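What follows is a set of notes on a single structure, which appears directly below.
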Amino acid sequence: MTTIDASLLDDLQKRGLIAQTTGGDVLAGYLASGSRTLYSGFDPTADSLHIGHLVPLLALKRFQLAGHKPIALVGGATGLVGDPSFKAAERKLNTPDIVANWTDKLKAQVSRFIDFDCGDNSAEVVNNLDWVGKMDVLSFLRDVGKHFSINNMINKESVKQRLDREGAGISFTEFTYMLLQSYDFAELYNRHNCTLQIGGSDQWGNITGGIDLARRMYSGETYGMTLPLVTKSDGTKFGKTESGTIWLDPDKTSPYAFYQFWLNTADADVYKFLRYFTFLSLSEITEIDERDRAAEGRPEAQSILAREMVALIHGKEGLEAAVRISEALFSGSMDSLSESDLEQLKLDGLPSSTIMRSELAEKPLTQWLVDAAMAASGKQVKDALGRGAVFINGEPKTFEQNGDAASCFAAADARFNRFYIVKLGKKKYHLFEVV
RNA sequence: GCAGGGGUUCCCGAGUGGCCAAAGGGAUCAGACUGUAAAUCUGACGCGCAAGCUUCGGUGGUUCGAAUCCACCCCCCUGCACCA
């Protein structure tokens with residue numbers, strides 16, 4: 001028999017992970033008095049989840065650890081339609097085969113976070129295409145559509161801007177999204193006795209829609225809870241860097257890059273992020289906070305956060321790889337790297353490229369670095385060269401040497417006859433293999 | 001459909017015949033300082049190592065010369081009308 005951790009809601013509250021809930025105090029008692037089944041949905045809008053999906057995904061795990069049964073729903077059907085919630089403009093539809101492909105990828109990713117073999121509250125992964133795909137239009141209109149009032153729907157905050165805005169508009173397709181998601185909840189209630197849906201705060205409208213539908217179709221009593229949108233103290237968008245979205249797929253964002261992302265968290269955000277994203281207890285986090293405050297200089301929190309996150313998403317091996325690269329590069333002891341270390345750096349996800357020695361003379365250094373995506377334009381490399389911010393195997397290069405890439409990558413300077421670590425600025429590293 | 005306003009470099013936003021690759025701010029990149037922070041200061045910021053090349057919704061035109069003037073077209077906003 002599964003033990004229920006009755007303090008779950010209280011813990012979530014203290015972590016700042018609860019934006020809104022339905023049912024008020026009833027929900028706390030409901031969750032404390034038995035193992036419940038809950039779900040959260042993930043639509044296949046790309047071939048990988050990104051860190052924006054982490055809060056609901058980890059919340060499923062928190063519920064599971066507290067004794068509840070999580071269902072991760074991958075939106076093979078809803079992904080074909082597109083959620084209009086708080087979106088400024090109509091989105092373009094992806095083809096069914098692309099969505100199906102993405103659905104499979106998300107299923108695999110999601111599955112790594114929750115436990116499928118822990119007795120009564122083992123997790124499940126479902127795809128809403130399995131039930132929505134079988135439904136015919138008339139049944140949908142009669143059985144589902146009949147329960148929705150257009151009057152209520154157009155009053156939802158999530159679609160307001162699309163209705164109000166001149167020139168934007170909303171198609172019937174996207175407008176119908178809420179019905180699909182609501183139907184998911186009703187269906188999961190009916191099939192799995194799923195009585196709680198969680199999601200991002202932008203999902204409130206869709207979640208309450210589902211609660212109403214479950215009641216109307218099956219007289220079911222269900223609950224909803226939303227998690228906060230992750231914000232940063234400086235007002236910029238969480239989860240994006242200059243180089244783009246931070247993905248959970250190691251092929252899209254390497255464990256090293258992922259580690260660096262968390263390591264660079266601002267002091268003003270790091271303790272909040274520890275509460276949001278890690279499974280460290282609140283008292284442990286408070287302790288870290290206090291210790292950092294007492295110590296002069298560099299706080300430990302970022303490093304703890306980075307380690308926790310990489311271990312969570314990429315496992316022990318991913319963490320070791322990320323730390324190995326980071327230490328080699330940032331400790332200044334690159335000389336100590338062995339040939340196999342350098343090869344490992346490549347495998348570990350340090351950006352790298354292979355170039356032909358015979359082609360070196362064809363382009364100036366600026367162009368080689370631009371081609372390797374180290375900088376957006378040759379001008380930036382030129383600026384860096386002028387400031388002594390470009391190093392090849394530890395040797396500073398100057399603008400005068402720009403035209404002579406062959407001597408910048410001189411054979412005599414190569415590590416193990418082929419490797420060059422190029423550093424641009426303080427944080428950008430790239431491994432060149434010249435053959 | 002009619003009337004009025006507008007589309008400028010990643011974003012906001014100046015510029016209304018040469019001094020404009022185009023003010024200013026933001027974002028971004030690099031340097032100093034630091035903790036691979038923050039704040040601050042400095043430099044860069046269409047592309048090109050360079051000569052030089054390509055931009056100001058689109059197409060044509062006027063002119064020695066246009067982001068700036070003219071014509072037509074496309075798109076957006078604001079009123080009015082039409083529709084209901």
Side-chain angles (χ1 to χ4, degrees), chain A residues 88-90 161 164-169 232-246 254-274 288-289 291-307 309-310 322-334 350-351 360-392 394 396-409 421-430:
Chain A
E90 183 85 9
Q161 55 175 315
D164 294 345
R165 181 177 300 203
E166 269 309 309
K232 291 204 296 177
S233 57
D234 63 4
T236 57
K237 199 171 175 183
F238 170 76
K240 299 267 184 193
T241 64
E242 322 75 64
S243 37
T245 306
I246 305 295
S254 71
Y256 161 69
F258 195 77
Y259 178 78
Q260 288 290 325
F261 170 80
W262 293 103
L263 198 61
N264 281 300
T265 303
D267 291 3
D269 295 320
V270 71
Y271 305 100
K272 177 169 87 174
F273 287 1
L274 282 169
I288 295 165
D289 191 345
R291 209 185 313 136
D292 282 344
R293 228 186 284 259
E296 290 290 313
R298 184 173 196 171
E300 257 184 276
Q302 279 86 350
S303 163
I304 295 170
L305 176 66
R307 283 166 182 273
M309 296 318 291
V310 178
V323 171
R324 187 161 54 230
I325 300 182
S326 298
E327 292 195 338
L329 298 179
F330 289 95
S331 69
S333 62
M334 278 181 263
L350 178 69
L360 267 178
E362 289 172 14
K363 291 186 266 187
L365 184 59
T366 41
Q367 192 59 46
W368 284 110
L369 301 198
V370 169
D371 289 350
M374 289 191 77
S377 73
K379 282 260 171 64
Q380 290 186 1
V381 180
K382 184 183 162 185
D383 178 55
L385 279 168
R387 291 157 177 276
V390 177
F391 295 83
I392 298 182
K397 297 298 165 190
T398 63
F399 184 58
E400 284 67 44
Q401 294 168 273
N402 181 44
D404 192 5
S407 79
C408 290
F409 290 98
I421 291 177
V422 178
K423 177 184 170 201
L424 192 163
K426 281 181 212 163
K427 300 184 190 176
K428 277 185 246 172
Y429 290 94
H430 194 97

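Protein chains get the first letters and strands the later ones, always in sequence-line order, with residue 1 at the start of each. Keep in mind it's a predicted model, so treat the numbers as computed, not measured.
Atom name P, nucleotides B/U78 and B/A30: the rounded distance is 42 Å, in whole Å. Rounded to whole Å, the separation between the P atoms of B/A27 and B/C41 comes to 12 Å. One P atom belongs to B/A14, the other to B/U9, and the distance between them is 13 Å to the nearest Å. Straight-line distance between the P atoms of B/A37 and B/C29: roughly 12 Å, to the nearest whole Å. For the P atoms, the distance linking B/C2 with B/G65 amounts to 35 Å, nearest Å. The C1' atoms of B/U68 and B/G61 are separated by 15 Å, rounded to the nearest whole Å. One C1' atom belongs to B/G15, the other to B/C56, and the distance between them is 10 Å to the nearest Å. A gap of 11 Å separates the C1' atoms of B/G46 and B/A22, to the nearest Å.
Both tests pass for A/Lys423 against the ring of A/Phe391: distance under 6.0 Å to the centre and angle within 45° of the axis.
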Please write out each protein N/O paired with an N/O of nucleotides 45-49 of chain B under 3.5 Å, distance rounded to 0.1 Å.
| residue | atom | partner | partner atom | Å |
| --- | --- | --- | --- | --- |
| B/G48 | OP1 | A/Gly378 | N | 3.4 |
| B/G48 | OP2 | A/Gly378 | N | 3.2 |
| B/G48 | N7 | A/Lys379 | NZ | 3.4 |
| B/C49 | OP1 | A/Thr366 | OG1 | 2.9 |
| B/C49 | O4' | A/Asn402 | ND2 | 2.7 |

What N/O pairs connect the protein and nucleotides 21-26 of chain B at under 3.5 Å? Give each pair on its own line.
none

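When atom types are taken as modelled, the side chain of A/Trp262 and the backbone of A/Ser303 share no donor-acceptor pair closer than 3.5 angstrom. Within the 3.5 Å criterion, the main-chain N or O of A/Cys408 finds no donor-acceptor partner in the side chain of A/Gln401. Between the side chain of A/Asn264 and the backbone N or O of A/Gln260 there is at least one donor-acceptor pair closer than 3.5 Å. Side-chain atoms of A/Asp269 do not come within 3.5 Å of backbone N or O of A/Lys232 as any donor-acceptor pair. A donor-acceptor pair under 3.5 Å is absent between the side-chain atoms of A/Asn402 and the main chain of A/Pro364, judged by distance alone. A donor-acceptor pair is defined here as one N or O able to donate and one able to accept, closer than 3.5 Å; such a pair exists between the side chain of A/Asp292 and the backbone of A/Ala301.
Using the Watson-Crick or G-U wobble rule with both distances under 3.5 Å, B/A84 pairs with nothing in any strand shown. Figure legend. B/C45 is base-paired to no nucleotide; pairs are counted as Watson-Crick or G-U wobble with both atom distances under 3.5 Å. In this structure B/C10 sits in a base pair with B/G26, meeting the Watson-Crick or G-U test at under 3.5 Å. Nucleotide B/U54 has no partner under the Watson-Crick or G-U criteria, as no pair reaches both atom distances under 3.5 Å. Within the shown strands, B/C77 is the pairing partner of B/G4 under the Watson-Crick or G-U definition, both distances less than 3.5 Å. Base pairing of B/U68 is not made with any nucleotide, judged by Watson-Crick or G-U wobble geometry with both donor-acceptor distances under 3.5 Å. Figure legend. B/C20 is base-paired to no nucleotide; pairs are counted as Watson-Crick or G-U wobble with both atom distances under 3.5 Å.
Relative orientation of the A/Tyr429 and A/Phe330 rings is perpendicular, given thresholds of 30° and 60° on the angle between their planes.
Note: CG (A/Asp404) to P (B/A50) measures 17 Å, nearest angstrom. The separation between A/Leu424 atom CG and B/A44 atom P is 18 Å, rounded to whole Å.
Put simply, CG on A/Leu274 and CD1 on A/Ile288 are 5.5 Å apart, with the number rounded to the nearest 0.5 Å. From A/Gln302, atom CD reaches atom CZ of A/Arg307 across 13.0 Å, with rounding to the nearest 0.5 Å. With values rounded to the nearest 0.5 angstrom, A/Met309 atom CE is found 10.0 Å from A/Phe273 atom CZ. The OG atom of A/Ser377 sits 10.0 Å away from the CD atom of A/Gln367 when rounded to the nearest 0.5 Å.
Here the side chains of A/Leu305 and A/Leu263 are not in contact, with every heavy-atom distance at 4.5 Å or above.
Toward the 5' end of RNA chain B, the nearer of the two residues A/Asp383 and A/Lys428, judged by each one's closest nucleotide, is A/Lys428.
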Nucleotide by nucleotide, nucleotides 33-38 of chain B touches protein heavy atoms under 4.0 Å in the pattern (B base, S sugar-phosphate only, - none) BBBBB-
